[in-house]
2 protein chains.
Amino acid sequence: MGVTKTQVFTDKQNRIADLAKALAHPARIAIIQHLLKEKSCVCGDLVEVLPLAQATVSQHLKELKNIGILHGEINPPRVCYCINETVWQEAKAIFGEIFETEITQQCCN
Amino acid sequence: MGVTKTQVFTDKQNRIADLAKALAHPARIAIIQHLLKEKSCVCGDLVEVLPLAQATVSQHLKELKNIGILHGEINPPRVCYCINETVWQEAKAIFGEIFETEITQQCCN
DNA sequence: AATTCTCATCGTATATTTACGATTGAATCG
DNA sequence: CGATTCAATCGTAAATATACGATGAGAATT
């Protein structure tokens with residue numbers, strides 16, 4: 001995309017947007033769903049589950065790691081991924097806060 | 001970005017990703033927050049609130065309209081925007097479902 | 001009819017995203 | 001040591017996103 005003018009928004013707005021961006025791809029949703037459901041969280045398993053090349057899966061994992069949602073643990077010769085509970089709770093709270101708002105106003109009357 | 005291979009993912013995974021993508025920019029978060037908080041939802045008000053050009057705001061509004069989160073009501077010479085409660089509830093349910101999952105497994109032990 | 005107001009759209013420059021093959025790095029196995 | 005395995009990274013092509021000035025469309029006002 002182009003350059004997002006992050007500096008003109010609040011830290012919180014930027015954080016919400018970043019967390020949402022991490023969820024803004026079906027492959028990453030699939031990765032998260034898999035990690036929530038299965039015990040196995042080895043990278044190779046994800047490559048089998050997802051119909052994407054290994055390099056692409058690795059790239060998606062990197063994004064999820066960068067935002068903090070996942071962390072990987074090297075367990076040679078494999079790498080085990082799991083959800084970072086702290087960030088997961090943060091995301092849960094942030095989205096929960098947004099959606100808890102009741103839509104009171106009937107706009108445009 | 002590149003081409004997302006949407007056809008290899010489930011409809012639900014794609015829908016979640018699309019809704020997340022709508023939230024994946026601080027300007028759109030700011031727009032939604034404003035619409036949740038204020039009564040006024042006229043486009044011009046948003047242009048004043050956001051430190052972005054009118055064309056840019058209009059573009060963000062269009063994206064939120066496309067995904068269904070907002071709808072606009074022409075009220076000459078203004079356009080009044082409001083949150084589409086149906087889609088809002090859908091998003092609330094979808095994200096709620098994801099985050100309600102308990103993280104049981106202590107991965108990589 | 002001309003002006004003004006509000007907002008959408010066009011055109012465009014630039015940056016980022018997605019995807020994949022190829023390669024590299026690290027560690028185990030034979 | 002050489003071969004193999006697993007995963008990250010590199011390099012790259014193509015598509016998409018962001019931002020903004022300029023222009024266009026529609027309606028009310030002067």
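These values consider heavy atoms only, across backbone and side chains, with no hydrogens, waters or symmetry-generated copies. In what follows, every chain begins at residue 1, and chains take the letters A, B, ... in the order their sequences are listed. Here the structure is a predicted model, which means the values were calculated and not measured.
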Where along residues 9-19 of chain A does a heavy atom come under 4.0 Å from DNA chain D, residue by residue in number order?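 Residues of residues 9-19 of chain A under 4.0 Å from DNA chain D: none.
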Let's see if you can work this out: which of D:dT18, C:dC7, D:dA7 has an atom nearest to the side-chain heavy atoms of B:S58?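 My answer, after comparing the listed nucleotides, is C:dC7.
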Select one nucleotide: of D:dA7, C:dT18, C:dA8, the one nearest the side-chain heavy atoms of B:K65.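 Nucleotide nearest to B:K65's side chain: C:dA8.
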Using heavy-atom distances to pick each residue's nearest nucleotide on DNA chain C, tell me which of B:V47 and A:R28 is more 5'.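 First, find each residue's nearest nucleotide; the 5'-ward one identifies B:V47.
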Tell me, please, which residues at least two apart from [X] pass side chain to side chain contact (heavy atoms under 4.5 Å, CB included).
{"X": "B:R15", "result": "B:L19, B:I67, B:V87, B:E90, B:I94"}
{"X": "A:Q33", "result": "A:I29, B:Q13, B:I16"}
{"X": "A:P77", "result": "none"}

[atom1] of [X] versus [atom2] of [N]: gap in Å, rounded?
{"X": "B:Q59", "N": "C:dC10", "atom1": "CD", "atom2": "C1'", "value": "11 Å"}
{"X": "A:H60", "N": "C:dT17", "atom1": "NE2", "atom2": "P", "value": "11 Å"}
{"X": "B:K62", "N": "D:dA17", "atom1": "NZ", "atom2": "P", "value": "12 Å"}
{"X": "B:H25", "N": "D:dT16", "atom1": "NE2", "atom2": "P", "value": "18 Å"}
{"X": "A:H71", "N": "D:dA7", "atom1": "NE2", "atom2": "P", "value": "16 Å"}
{"X": "A:R78", "N": "D:dT5", "atom1": "CZ", "atom2": "C1'", "value": "8 Å"}
{"X": "B:K5", "N": "D:dT16", "atom1": "NZ", "atom2": "P", "value": "15 Å"}
{"X": "A:E73", "N": "D:dC6", "atom1": "CD", "atom2": "C1'", "value": "16 Å"}

Give a yes or no on whether a salt bridge exists between B:E97 and B:K12, defined as a side-chain N under 4.0 angstrom from a carboxylate O.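 Salt bridge between B:E97 and B:K12, a charged N being under 4.0 Å from a carboxylate O: yes.
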May I have all residue pairs that pass ring pair (Phe, Tyr, Trp, His ring centres under 6.0 Å) and include part of residues 46-68 of chain A, sequence neighbours excluded?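 Non-adjacent pairs meeting ring pair (Phe, Tyr, Trp, His ring centres under 6.0 Å): A:H25-A:H60.
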Could you see if A:I31 belongs to whatever hydrophobic cluster contains A:V42? Use Ile, Leu, Val, Met, Phe, Trp, Tyr and a side-chain cutoff under 4.5 Å.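 They do not share one cluster, since no chain of ILVMFWY contacts under 4.5 Å joins A:I31 to A:V42.
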Checking all strands, does B:I74 fall into the base, sugar-phosphate, or nothing category for heavy-atom contacts under 4.0 angstrom?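 Touches nothing.
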Measure up the B:F95 and A:F95 rings against each other and bin them: parallel (under 30°), tilted (30 to 60°), perpendicular (over 60°).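 Parallel: the ring planes of B:F95 and A:F95 meet at under 30°.
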How would nucleotides 21-29 of chain D be written as a contact map, 5' to 3', with B for base contact, S for sugar-phosphate-only contact and - for no contact, using protein heavy atoms under 4.0 Å? BB----S--
Polar side-chain atom of A:R28 near backbone of A:A22 as donor-acceptor pair, under 3.5 Å: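 Yes; at least one donor-acceptor contact below 3.5 Å.
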Keeping the roles fixed (side chain from A:N75, backbone from A:C80), state whether a donor-acceptor pair exists under 3.5 Å.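 It does not hold such a pair.
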